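Here's the structure, in structure tokens; my notes come after.
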Amino acid sequence: MTDYYRSKVKYNEIIATFDDVLIQPGFTNFEPSEVDMSSNLGSYKFNLPIMSAAMDTVTEELMAIKMALLGGLGVLHRNCSYERQLEMVRIVKRARSFVIDDVATIQPDESVSKAKYMMDNYNISGIVVVNEENKVCGIFTKRDIPFSKNDINNGKVKNFMTKDVISIEPGASREKALEVLFESRKEKLPIIDKGGNLKGLITKKDLAPEFPLASMDSEGHLICALALSPKFPESTHAQKLLKEIENYVDIFFIDVADFYKTSDIKGTKKLMDFLDSDFVLGNIGTYEAAEHLITKGNFNEDKFIGLKVGMGSGSICTTSIQTGVGAPTLFATAQVADAIIDYNSKISLIADGGFKNPGDLPKAFTAGADLIMSGHFFAGSTESPGYVDTIQGRKVKIYRGMGSKEARTSGYVADRYTEGSKSLPEGVSDYVPFVGDMEGVLLSLKEGLLNGMIYAGAKTIDEMKKAKVGVVSYVGQRESRPHDLLSRY
Ligand code: XMP
């Protein structure tokens, strides 16, 4: 058994949090441009090891798409019906790809209003028109929507679609597709086989390397992750929907406050048998919990790709003060990292919640994390769900814990907490400052991490795990912040 992380943070004596420790500076024998911040979760590679939390005031389709385009991952929340979850995962998976094989189609005799409804709801700009035998007979894009209201309400697709379809054969290269798109000045290129059958669709925006760091699967679709209750759904209708949802999801994140429970383990095992996607399990907070899940959980080894850690340390969490139990993220990370080293180093570790400053990120990696997750950093951005409000001249957005009274009354996340417990909220709802585009937030997190890695002398996340940390004294903590300035205290 290694004492590696254990010797770094003496967590058996102190339950340490981010502010308790500092990374010791290391020797830097490389250029900033050589730093590689990429990290893996199972077989998925992320150029930016940052995730947005599965919370209903943080991650819906807009945030998930932006996070993945910029190299991270947004985990879609589950505080809504399966129907809404299906809508979200579909939008994320369809947002980008080199080849779309699940092409939205319509028949020529269908109404213009239906085509318009589909484009609005699937967030796409065009639909391929096919006859009953799936043979392509036209394409209908937003540009083909007629001007007159009467034509929209009563017109048929066949009277407004573009009949002369420029297409490409199956198996054509990216370069060939780019060439045809350029020559025809089109945005969409249906893939049609020799028999005239629709085989897929290539769009111009997906071919352009507009987002070189994007988190993508092998077909160029964005990686899609969704939170999931550990309870196996009882009704066949719900099971059917979940199966449909799975078609668009790469990774399910089991989403409970405390996963170290027989009932959640049993339910998750059933879900893993039922679904083919990969799974991250969480949250847990101790070495013993990780050891148990890895060695006695009997989870499908190929699908169990990660553990998410941290309990009660989130900015909106009240679990620790309501119940007296908690595992601050840094402590939980160091504990679980040790168990992963001891029992299965293929499992990735996600440090979740409690991050206040960019400098907390490098600390989490030093304690053994592969990726980090935050709600707090992203809740106030344009891409989070909800409206921008103004309080005393300041722009704000609402950020609420999934255990807050407000979130729990929705009925979908009651099983995130102790079964049957309804009267004791474990989270709060409050305002956070509106911070604009989340790209700006990510940029400052990225820079904090980059500079932290440079100061620590670590070129990669794995090297970061070897950096030394020390516990800071109370006076040291005071000194680490701006101090002895007239306007501060
Ligand atoms: P931050 O610090 O980013 O933390 O706001 C986000 C993480 O907190 C967890 N979470 C909760 N924990 N009560 C809790 O005890 C809650 O109401 C609650 N809501 C979210 C979750 O793990 C999230 O990623």
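Atoms considered below: every heavy atom in the structure, side chains included; atoms not considered: hydrogens, waters and symmetry mates. Order of appearance sets the numbers: ligands from 1, and atoms from 1 within every ligand. Start at 1 with the first residue, then count along the sequence. This is a predicted model, so every value here is computed, not measured.
The aromatic ring centroids of Phe274 and Phe232 lie less than 6.0 Å from each other. Taking the six-membered ring for Trp, Tyr260 and His292 have ring centres closer than 6.0 Å.
At a 4.0 Å heavy-atom cut-off, ligand 1 touches Met55 through the side chain alone. With a heavy-atom cut-off of 4.0 Å, Phe378 does not touch ligand 1 at all. At a heavy-atom cutoff of 4.0 Å, ligand 1 is contacted by no atom of Glu406, backbone or side chain. The proximity of Val428 to ligand 1, defined as any non-hydrogen pair under 4.0 Å, does not occur for either the backbone or the side chain.
The distance from ligand 1 to the heavy atoms of Asp352 drops below 4.0 Å at these ligand atoms: 7 (C), 21 (C), 22 (O), 23 (C), 24 (O). Distances below 4.0 Å separate heavy atoms of Glu426 from the following atoms of ligand 1: 13 (N), 14 (C), 15 (O), 16 (C), 17 (O). Each of the following atoms of ligand 1 lies closer than 4.0 Å to a heavy atom of Ser374: 3 (O). Listed by atom number, the atoms of ligand 1 under 4.0 Å from Met373 heavy atoms are 24 (O).
Looking at ligand 1, you'll find an N or O of Thr319 within less than 3.5 Å of one of its N or O atoms. No N or O atom of Ala53 sits closer than 3.5 Å to an N or O atom of ligand 1. For ligand 1, the polar-atom distance check against Gly312 finds no nitrogen or oxygen pair separated by under 3.5 Å.
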Please test Glu87 against Arg90 for salt bridge (charged side-chain N to carboxylate O under 4.0 Å, His left out), starting from the C-alpha separation and ending with a verdict.
CA-CA 5 Å; Glu87 184 181 50; Arg90 246 192 200 150; over 6 Å; no
Q. Are Phe279 and Phe304 close enough, and set up right, to give a ring pair (Phe, Tyr, Trp, His ring centres under 6.0 Å), and what steps lead you there?
A. CA-CA 5 Å; Phe279 279 70; Phe304 175 18; 9.4 Å; no
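Within the 4.0 Å heavy-atom cutoff, Phe377 does not count among the residues contacting ligand 1. Assignment of Ala257 to the shell around ligand 1 is not supported, since no heavy atom sits closer than 4.0 Å. Under a 4.0 angstrom heavy-atom cut-off, Arg416 registers as being in contact with ligand 1.
Under the rule for a salt bridge (charged side-chain N to carboxylate O under 4.0 Å, His left out), Lys446 has no partner lying at least two apart in sequence or in another chain.
Counting only distance, with no hydrogens or angles, the side chain of Thr366 and the backbone of Lys465 share no donor-acceptor pair below 3.5 Å.
A side-chain hydrogen bond (donor to acceptor under 3.5 Å, both in side chains) with Asn79 is found for exactly one of Thr57, Asp255, Asp56, namely Asp56.
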